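Down below is the structure, laid out as structure tokens.
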Amino acid sequence: MIDPKLLRHSTADVAANLARRGHQFDTDEYLELEGRRKALQVETEQWQSERNASARSIGKAKAEGTDIAPLLAAVKDLGDKLDSSEAALVSVQAGLRDIELRLPNLLDDSVPDGKDESDNAEVRRWGEPTKFDFEVRDHIELGENLGMIDFEAASRISGSRFTVLSGPLARLQRALIQYMLDTHTEQHGYEEIYVPYLVLADALIGTGNLPKFEDDLFRTHTETPYYLIPTAEVPVTNLARDAIFEADQLPKHYVAHTPCFRSEVGSYGQDTRGMIRQHQFEKVELVHFVVAKDSMAALESLTGHAEVILQKLELPYRVVALCAGDVGFGATKTYDIEVWLPGQQKYREISSCSNYNDFQARRMQARWRNPDTGRPELIHTLNGSGVAAGRALIAVMENYQNDDGSIRVPEVLQPYMGGVELIKAD
RNA sequence: GGAGAGAUGGCUGAGUGGUCGAAAGCGCUCCCCUGCUAAGGGAGUAAGGGCUAAUACCCCUUCGAGGGUUCGAAUCCCUCUCUCUCCGCCA
């Protein structure tokens with residue numbers, strides 16, 4: 001959520017910033033509503049104040065034994081006036097809040113202009129696209145030839161966009177997850193955390209997934225609905241909900257492995273084959289809670305931590321700064337890390353690292369106490385994949401493939417594979 | 001699933017219709033005192049929001065959540081959620 005005060009006092013500036021994303025902010029509608037809010041709130045609070053004053057004087061009169069009948073007569077219709085004014089205020093406030101909750105975050109000035117993916121700016125590149133002296137296979141062909149990926153079985157069980165992995169390949173994904181968790185906790189100082197995979201709507205409002213992106217989520221039909229998490233970001237970031245951290249408790253660095261569930265409506269026709277885009281996938285997620293002044297530096301370090309994983313796996317990648325039109329709803333700035341996939345001869349997203357500044361914190365009331373002012377201030381939240389395990393598995397398969405369809409196990413993963421160095425069909 | 005108890009400020013814990021944003025204690029901050037330490041004395045110490053240039057006044061809201069009764073609710077009524085104890089079941 002954008003600071004309501006900023007929205008109120010610098011409406012045109014906010015609209016201009018959001019326009020960079022291609023978001024059209026109807027300032028007339030907003031200002032009209034905001035004007036009514038102000039009038040109604042002032043009026044309502046005046047009635048409330050009056051009611052409190054008269055209730056006090058009635059109490060006092062009663063204690064003194066004075067006749068309270070005239071006082072009661074004086075406040076006779078106060079209740080009605082208060083009720084109607086309050087009802088109007090509540091409805092206007094709900095309308096405003098809905099507008100505010102659906103407004104994307106302000107972009108950082110460093111975000112490059114552009115309208116879609118093709119305008120993203122490459123920041124750096126690590127490694128060179130892997131070279132092969134044979135015809136490369138994609139992960140689908142590799143996996144099926146090994147007999148360790150079964151898309152047909154998955155679709156019998158769950159329909160499209162699911163995968164069944166077996167044997168060494170299933171273990172390889174687990175090895176990747178374990179390796180990532182160990183690296184982030186042991187090398188990068190993160191605290192490992194285990195969280196619920198089902199969350200309440202409020203948690204998703206906190207991170208910005210609701211109310212706008214309900215369609216992307218799976219929901220239960222229990223009386224109070226649960227949502228399957230689309231990323232660990234949701235439960236982990238909500239650890240800060242309603243919190244007031246002391247200065248010495250920050251920064252917080254969390255790492256969590258969870259499955260992620262996405263409905264992927266609206267992505268018909270994209271990546272329909274293979275396990276690039278699934279309803280369910282495994283991901284290791286990094287989350288930072290920091291004080292405001294540190295968040296841009298934190299974005300750099302978080303992105304760096306995700307990159308280390310690819311470097312240790314010796315997977316070629318590049319980092320791109322998302323352009324204005326491509327930055328996600330709640331982020332002020334985002335780096336995507338794209339890994340080289342020989343099967344597609346393309347760099348494909350394997351991690352997305354974002355600074356949300358106070359956007360999520362404001363929705364969650366996540367604060368820290370600034371010792372200089374003694375007052376609670378909003379923290380800044382960041383998160384990034386470190387990295388997506390399903391896609392990392394694809395990247396390893398395709399980049400480590402041999403002519404005979406076998407797959408070498410990256411050196412750093414071998415200890416997690418019981419020393420296995422090569423995955424091949426029996 | 002059954003039975004019972006509970007939910008109040010950073011914590012413990014009073015408070016069954018009015019002067020209660022809330023006693024007391026602890027903790028914390030500042031000041032005083034004591035040659036150090038311990039002890040002691042004093043003052044302060046919730047969050048959100050509105051108004052505003054203001055983190056100054058002033059005002060509003062909040063005692064698990066939502067509704068109701070009332071001029072007035074932490075206190076009375078209804079619904080829900082959560083926590084704890086015991087029994088049952090269960091990974």
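Sequence lines set the chain letters: A, B, ... in the order given, protein chains first and strands last, and positions in each chain run from 1. The model shown is predicted, which means the values in this text are computed figures rather than measured ones. Computed from heavy atoms alone, side chains included, the values below leave out hydrogens, waters and symmetry copies.
Within the 4.0 angstrom heavy-atom criterion, no nucleotide atom of any strand lies near A:Arg56. Within the 4.0 angstrom heavy-atom criterion, only backbone atoms of the sugar-phosphate kind lie near A:Arg369; the bases stay farther away.
Of the listed residues (A:Gln173, A:Gln278, A:Gln280), just one forms a side chain to side chain donor-acceptor pair (under 3.5 Å) with A:Thr163, and that residue is A:Gln278.
In summary, the side chains of A:Tyr317 and A:Glu307 do present a donor paired with an acceptor at a separation below 3.5 Å, with no hydrogens or angles considered.
Two rings, from A:Tyr190 and A:His288, have their centers less than 6.0 Å apart. In summary, the aromatic rings of A:Tyr227 and A:Phe218 are positioned with their centroids too far apart to meet the 6.0 Å limit.
Contacts between residues 36-50 of chain A and RNA chain B, counted as heavy-atom distances below 4.0 Å, involve A:Arg37, A:Lys38, A:Gln41, A:Glu45, A:Gln48, A:Ser49.
In summary, contact between chain A and RNA chain B, defined as any nucleotide atom under 4.0 Å from a heavy atom of the protein, begins and ends at B:G18 to B:G72 in the 5' to 3' direction.
Across all strands shown, B:U52 remains unpaired; no Watson-Crick or G-U wobble contact has both distances below 3.5 Å. In this structure B:U81 sits in a base pair with B:A7, meeting the Watson-Crick or G-U test at under 3.5 Å.
Between A:Arg408 and A:Glu421, none of the side-chain N atoms (NZ, or NE/NH1/NH2) sits under 4.0 Å from a carboxylate O, so this pair counts as no salt bridge.
Rounded to a whole angstrom, the distance from the P atom of B:A46 to that of B:G41 is 23 Å.
With A:Asp108 contributing its side chain and A:Val111 its backbone, the two residues share no donor-acceptor pair below 3.5 Å.
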